[in-house]
Amino acid sequence: MSASTSRSRVLPGFGLSLGCTLVYLSLLILLPLSGLAFKASHLSLAEFWAIASGERALASYRVTFGASLLAATANAFFGLIVAWILVRYSFPGKRAIDALVDLPFALPTAVAGITLATLYAGNGWIGRHLESLGVKVAFTPLGIVVALTFIGLPFVVRTLQPVIEDIEPEVEEAAASLGASRLQTFSRVLLPAIFPALVTGFTLALSRSIGEYGSVIFIAGNLPLISEITPLLIISKLEQYDVVGATALAMVMLMISFVMLLVVNGLQWWAASRHRGDGPSDGEVR
Amino acid sequence: MFRATRQFFTSVALSLFALSVLAEGNSLLNVSYDVSRDFYKDYNPVFQRHWKTVSGESIELKQSHAGSSKQVRAVADGLEADVVTMNQASDVDFLAEKGLVARDYARKFPNNASPYTSTMVFIVRKGNPKALKDWGDLVRPGVQIILPHPKNTGNGRYTYLAAWGYALNQPGGNERAAQDFVGRLLKNAPLFAAGGRDATTTFMQRKMGDVLVSFESEAELIAREFGKGEFEVVYPSVSILSEFPVAIVDKVVDRKGTRKLAQAYLDYLWSPPGQETAAQNYLRPRNPETLKKYATQFPAIRTFTVDEVFGGWAKAFPAHFKDGGSFDQIYQQK
């Protein structure tokens, strides 16, 4: 159960693989990001602030981060159900559904955006019925949430599946035989085991959503102050050949995302340590 | 390990070299905007046949299409375009600033270096149920207008300037009134489409809006081919003349030795076969005879150029589409 901390390694070559890792990460991540920071440093602090805190920029942060949070939350909930179904039950067509989950990974995002916009538009298969209920999806902020939910789902499901596979069904039976109600079994036995992976999946879906451009742009409507996402403002700056201004907005997004990831990781760490602290061996479920 | 690496790099270098040798001399890369795809698909074989009869050489013509300013940035960053064919002078101006294209590129070819033109027109549903005849009708309450993003796309910018120019032209028209007019027009837009084709899809397939404003070439394509019988094209009293400047990328052709071919490729756009190809793609030919031949397809319309009303793209762009320009002001007044 406890992680093996054996000092002897089976495979040699720690130095080589560490070097490889560092070079790889520097080339792919560190270098481009420092290039970004360098470009943004051409701006004075006042200029940077003026770009970052403009009325439309602020509105776009609200849209981008709000929609991403909503989408990731929806995915955390429904993704858990999907993962659970796929691991715990066998039913006809299960393989097909399992493969379906990966589709948002594979589909070009523009295709996804155009398809969703067509489906949810006022005359689309889904939009037609929603519109008669007075709900407009395509070309409103709600449409952005739909697109982000679509692209975020596999992150949650694929993170949860191996973790759920690791929980033996016998654990649930044991809990039940020891007198735990269904709710108790879920909240006290299963959830603590799943929670870290759930948070990871949520975070992955969230970070993916924040940067998403290709699919959102076709369903958002792109009206200033209403349905403009921050990546669109960045593109808008690039259209004016204002690379420095674009990097300023990118830096703001990067910083907000970084803080959010930090908070989520902190939460995960806290949950993991709490779980370890009052493990089931103390006889919690009696 | 090291030997393998060296072999790898050697083979990469060799194959790159081989590719570049192949590419030199008898092939051109034309970097263009998005919807010119159809036109150049038709034009390239016409030119290839012409070149074969003139020089006996077979040549390869490669095309790259995407949003125009994205394309121009790629060329500035090193995409080896022999020629650029754009839909807005401000994009070629950017390459001129970077020293890739001659500063006086507009005078290197006739007609402001624009071999064909288009203009902004309305596409309405059959029977024109809302009786939309002119720009003034588009600001009526209850009219929904579909257009691509007015700040980020070439198509949208032409629409924006067309409406602005119309308002300036009205009795008592001035900058203030024009901005107010365009503001009311944009309020009637339920969305800003991502690009020209996206706007078309939204209007045609999703059946949103009463009117789509787009290039005449796109409108004719819709009315005659995509949605035959379901749509009508309406010509407003006045509209903007959109020019499509072409240019040779000096730095690239001098290095690759393709100047002669590139010059011939662009020159031939003004030849009768080149002009016919444009007309067949609903682009207004510059050649008066070709225009006359296709007169039924191109009704007479009063147009103004960006140079006449706005003093050129170099002035129009910052005044209207840069951050803080008139478009942004419209959305700050709320």
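Values reported hereafter were calculated over all heavy atoms of this structure, with side chains retained and with hydrogens, waters and symmetry mates removed. Letters A, B, ... are given to chains in the order of the sequence lines, protein chains preceding strands, and every chain is numbered from 1. On a predicted model such as this, the values are computed, not experimentally measured, just so you know.
Here the closest heavy-atom approach between residue A/Leu238 and residue B/Arg73 is recorded as O-NH1, 2.6 Å. Between A/Leu223 and B/Pro190, the shortest heavy-atom distance links the atoms CD1-O, 3.4 Å. Closest non-hydrogen pair, B/Ser69 versus A/Tyr241, comes out as CB-OH, 3.4 Å. Here the closest heavy-atom approach between residue B/Arg206 and residue A/Thr118 is recorded as NH2-OG1, 3.0 Å. Taking both residues in full, the closest heavy atoms of B/Asn152 and A/Ser236 are given as OD1-OG, 3.0 Å, listed atom of the first, atom of the second, then distance.
Within the 4.5 angstrom heavy-atom criterion, no atom of A/Ile51 approaches chain B. With a 4.5 Å cut-off on non-hydrogen atoms, B/Ala76 does not touch chain A at all. Only the backbone of B/Phe321 comes within less than 4.5 Å of a heavy atom of chain A; no side-chain atom from C-beta onward does. There is no contact between B/Arg197 and chain A, counting heavy-atom distances below 4.5 Å. When heavy atoms are compared at a cutoff of 4.5 Å, A/Ile235 does not approach chain B at all. Residue A/Ala220: no heavy atom, backbone or side chain, is found under 4.5 Å from chain B.
Electrostatic pairing of A/Glu228 and B/Lys151 does not count as a salt bridge here, judged by no charged N lying under 4.0 Å from a carboxylate O.
Rounding to the nearest 0.5 Å places OG1 of B/Thr202 at 9.5 Å from CZ of A/Phe218. Atoms OG and CZ, from A/Ser227 and B/Phe192 in turn, are 9.0 Å apart once rounded to the nearest 0.5 Å.
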Does the pair B/Met208 and A/Phe139 meet the rule for a side-chain contact (heavy atoms from CB on, under 4.5 Å), with working shown? CA-CA 11 Å; B/Met208 289 188 72; A/Phe139 315 118; 3.2 Å; yes
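More than 12 non-hydrogen atoms from other residues, nucleotides or ligands lie less than 6.0 angstrom from CG of A/Leu27. Residue A/Phe77 places its CZ atom among 12 or fewer non-hydrogen atoms of other residues, nucleotides or ligands, all under 6.0 Å distant.
Ranked by heavy-atom pairs shorter than 4.5 Å toward chain B, the options A/Ala121, A/Gly221, A/Gly245, A/Gly122 are led by A/Gly221. Most heavy-atom pairs under 4.5 Å with chain B: of the set A/Gln240, A/Arg56, A/Lys237, this distinction falls to A/Gln240. In terms of heavy-atom pairs under 4.5 angstrom with chain A, the leader among B/Asp198, B/Thr201, B/Leu186 is B/Asp198.
At a threshold of 4.5 Å between non-hydrogen side-chain atoms, the residues B/His149 and A/Glu239 do not count as touching.
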